[in-house]
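Read through the structure below, which is laid out as structure tokens, and then see the notes.
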Amino acid sequence: MSEADYTDWGVVSSGEGGGRIASTFLSREESPGIGERVTLLNTNRSDMVNLMEDADILEEYGEHITIFGPRRGVGNDFAKGERMAEEHFEEIYNAVTERMVGADALLHVTTLGGGTGNGSIPYLIEQLSTGSNVEGTRPEWVESAVNMAFAAWPYEHEPSQQQFNAVMGLSRLLMRRDVTQNADAVLLASNTHIENEDLSTDQYDAVNERIVTAIDLLIGAGRNAERIIDAEDYIAQPSNIGVYHFTPGVATDLHYDMLDYEIMFDRAAEQSFVPMDASTSRAAFAVVRAPAHLVESGEVTKSGVENAFGRWKRDKGISSAKGLSTVTLKPGRGNNVDVLLLLGGFDLNPLLDQSWPEYEETKRQFEQARKLQNDSETAISMNEIEQLEENLTRYLEVNGSGR
Ligand SMILES: Nc1nc2c(ncn2[C@@H]2O[C@H](COP(=O)(O)OP(=O)(O)OP(=O)(O)O)[C@@H](O)[C@H]2O)c(=O)[nH]1
Ligand SMILES: [Mg+2]
């Protein structure tokens with residue numbers, strides 16, 4: 001296949017954390033499959049300027065930043081972030097569609113603990129896929145593009161407002177207000193679950209590095225692969241059974257000579273990005289990234305990986321999980337391989353357990369506050385909170401992990 005046949009990805013971020021992750025694709029030498037299709041949205045200019053200055057890419061890539069709304073952030077209020085995105089949607093839509101023109105798949109990166117990214121990304125995804133508030137008709141590529149979200153769950157130790165935001169954000173990524181599916185796929189990573197115990201490194205850097213590695217493997221499976229797994233493939237089969245939440249599990253630098261594939265898959269599953277039990281998965285994809293010489297010599301083969309993945313799934317009791325497996329190439333020599341599992345449809349309760357009590361607590365506080373003061377027209381209403389909770393609950397029921 002030639003370069004032109006591969007999926008063209010675009011990365012859109014909103015908010016500070018999302019921006020820190022997405023700007024990595026600009027700051028490093030090469031981002032195969034993405035190139036310079038990166039749009040960094042925020043309500044706060046100085047956050048973006050600072051993080052791009054830190055990465056020393058402000059001069060070269062500053063124009064990838066698009067600021068909408070109040071220019072001072074939205075103070076952790078996702079409802080405000082959403083409203084700003086709605087009011088300033090034209091700027092956002094123009095920036096995204098101009099910079100991403102022709103993309104086959106969009107990866108929307110956000111954190112879920114804050115207000116800007118959490119508020120705007122679910123809204124943007126809805127608008128790109130339905131066009132309900134877009135003036136005129138959307139370009140054909142926008143209509144057909146896959147909209148995948150990558151969302152970072154707040155740390156366990158963060159305050160209850162962040163946990164509340166996360167529950168509300170997950171609901172909106174999964175479900176529109178009219179209770180139809182929103183994003184085509186929602187990939188989740190829990191900051192606490194993937195943080196580095198080594199406190200000498202910057203925590204965000206360590207977490208973001210893992211997220212970027214997972215995204216590279218995910219995109220790489222659609223390029224230089226024995227059997228291409230494309231954006232569309234991650235979505236088509238699982239969505240037939242109502243599954244579209246996923247988490248990556250990544251194990252890198254595994255000694256090919258010393259480990260069976262099944263052990264490698266176990267390692268990857270043990271390093272899933274959210275707390276979960278792999279045996280509850282209803283979708284599972286496997287990508288083995290190996291140095292070219294191991295593939296050329298026939299040591300690492302698609303069928304070898306496929307058979308082992310089949311055995312692994314059987315062993316986990318998830319033989320019928322939807323998905324594919326493939327082998328892709330990694331540059332360089334050596335005998336080390338990297339493995340990505342993309343697990344979907346698993347029981348989300350181990351993740352939600354972290355935030356649910358704080359979510360309930362914040363909801364109670366809102367309710368109390370409502371009794372004391374006149375409803376301010378700007379704040380989120382109780383009805384709205386209940387509706388979003390109900391939407392999430394409905395998705396969880398379909399996914400066999402009802403709360
Ligand atoms: N993984 C990851 N999480 C981050 C990063 N930066 C912030 N967070 C988390 O994101 C949440 C805060 O969200 P931000 O991205 O700062 O918020 P925002 O989208 O800019 O929204 P507001 O500032 O509230 O308007 C917290 O839960 C942080 O722990 C990052 O670089 N990586
Ligand atoms: Mg911010």
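When a ligand or atom number is given, it counts from 1 through the structure's own listing order. For clarity, every value in this text was computed on a predicted model and none was experimentally measured.
Using a 4.5 Å heavy-atom threshold, the side chains of R172 and L388 count as touching. With a 4.5 Å cut-off on side-chain heavy atoms, I380 and F78 count as touching.
Protein heavy atom in closest approach to atom 28 (C) of ligand 1: Y204 OH, 3.2 Å. Atom 23 (O) of ligand 1 has as its closest protein heavy atom T116 OG1, 4.5 Å. Of all protein heavy atoms, the one closest to atom 12 (C) of ligand 1 is G114 N, 3.8 Å. Of all protein heavy atoms, the one closest to atom 14 (P) of ligand 1 is T111 OG1, 3.5 Å.
Atoms of ligand 1 found under 4.0 Å from any heavy atom of Y155, numbered from 1 in the order shown, are 29 (O). In summary, the atoms of ligand 1 found under 4.0 Å from a heavy atom of P154, numbered by their order in the structure, are 27 (O). If you number the atoms of ligand 1 from 1 as listed, the ones under 4.0 Å from a heavy atom of G15 come out as 18 (P), 19 (O), 20 (O). Within the listing of ligand 1, atoms 24 (O) sit less than 4.0 angstrom from a heavy atom of N76. The ligand atoms of ligand 1 that sit less than 4.0 angstrom from a heavy atom of V74 are 25 (O). Within ligand 1, the atoms closer than 4.0 Å to a non-hydrogen atom of R20 are 5 (C), 6 (N), 30 (C), 31 (O), numbered from 1 in the order shown. Remark: ligand 1 atoms within the under-4.0 Å shell around heavy atoms of G117 are 19 (O). The A152 neighbourhood of ligand 1 comprises atoms 1 (N), with distances under 4.0 Å to a heavy atom of that residue.
Polar contact check, N118 against ligand 1: no nitrogen or oxygen pair lies under 3.5 Å apart. Between G18 and ligand 1, not a single N/O pair is under 3.5 Å apart. Taking distance alone, with nitrogen or oxygen atoms compared against 3.5 Å, N208 approaches ligand 1 more closely than that limit. Annotation: T43 places no N or O atom under 3.5 Å from an N or O atom of ligand 1; distance criterion only. The N/O atoms of V207, backbone and side chain alike, include none that comes under 3.5 Å of an N/O atom in ligand 1. For ligand 1, the polar-atom distance check finds no N/O of I211 at less than 3.5 Å from any of the ligand's N/O atoms. The shortest N/O to N/O separation between S14 and ligand 1 does not fall below 3.5 Å. Annotation: E16 places an N or O atom under 3.5 Å from an N or O atom of ligand 1; distance criterion only. For ligand 1, one of its N or O atoms has an N or O atom of N191 under 3.5 Å away.
T247 and S272 form no side-chain donor-acceptor contact under 3.5 Å, judged by distance and modelled atom types alone. Looking at Q387 and N391, their side chains do bring a donor and an acceptor atom within 3.5 Å of each other. With no hydrogens or angles considered, no side-chain donor-acceptor pair links E82 and S120 at under 3.5 Å.
For D266 and K316, the salt-bridge test passes: some basic side-chain N is under 4.0 Å from an acidic carboxylate O. Using a 4.0 Å cut-off between a side-chain N of Lys or Arg and a carboxylate O of Asp or Glu, K363 and E386 qualify as a salt bridge. The pair E367-R364 does not meet the salt-bridge criterion, since no charged nitrogen lies less than 4.0 angstrom from a carboxylate oxygen.
Closest to atom 22 (P) of ligand 1 by heavy atom, among G73, G17, S13, G115, is G115. If you check each of M48, E158, K80 against atom 26 (C) of ligand 1, the one with the closest non-hydrogen atom is E158.
Side-chain atoms of S129 come within 3.5 Å of backbone N or O of I125 as a donor-acceptor pair. Looking only at distances, no side-chain donor or acceptor of S171 sits under 3.5 Å from a matching main-chain atom of E389.
In this structure, T192 and Y155 approach most closely via the heavy-atom pair OG1-CA, 3.2 Å.
Just one residue in the list T111, D77, N76, T362 forms a side-chain hydrogen bond (donor to acceptor under 3.5 Å, both in side chains) with N165, and that residue is N76.
Below 30°, between 30° and 60°, or above 60°: for H64 and Y61 the angle between ring planes is above 60°, a perpendicular geometry. The aromatic rings of F68 and H88 sit tilted relative to each other, their planes meeting at an angle between 30° and 60°.
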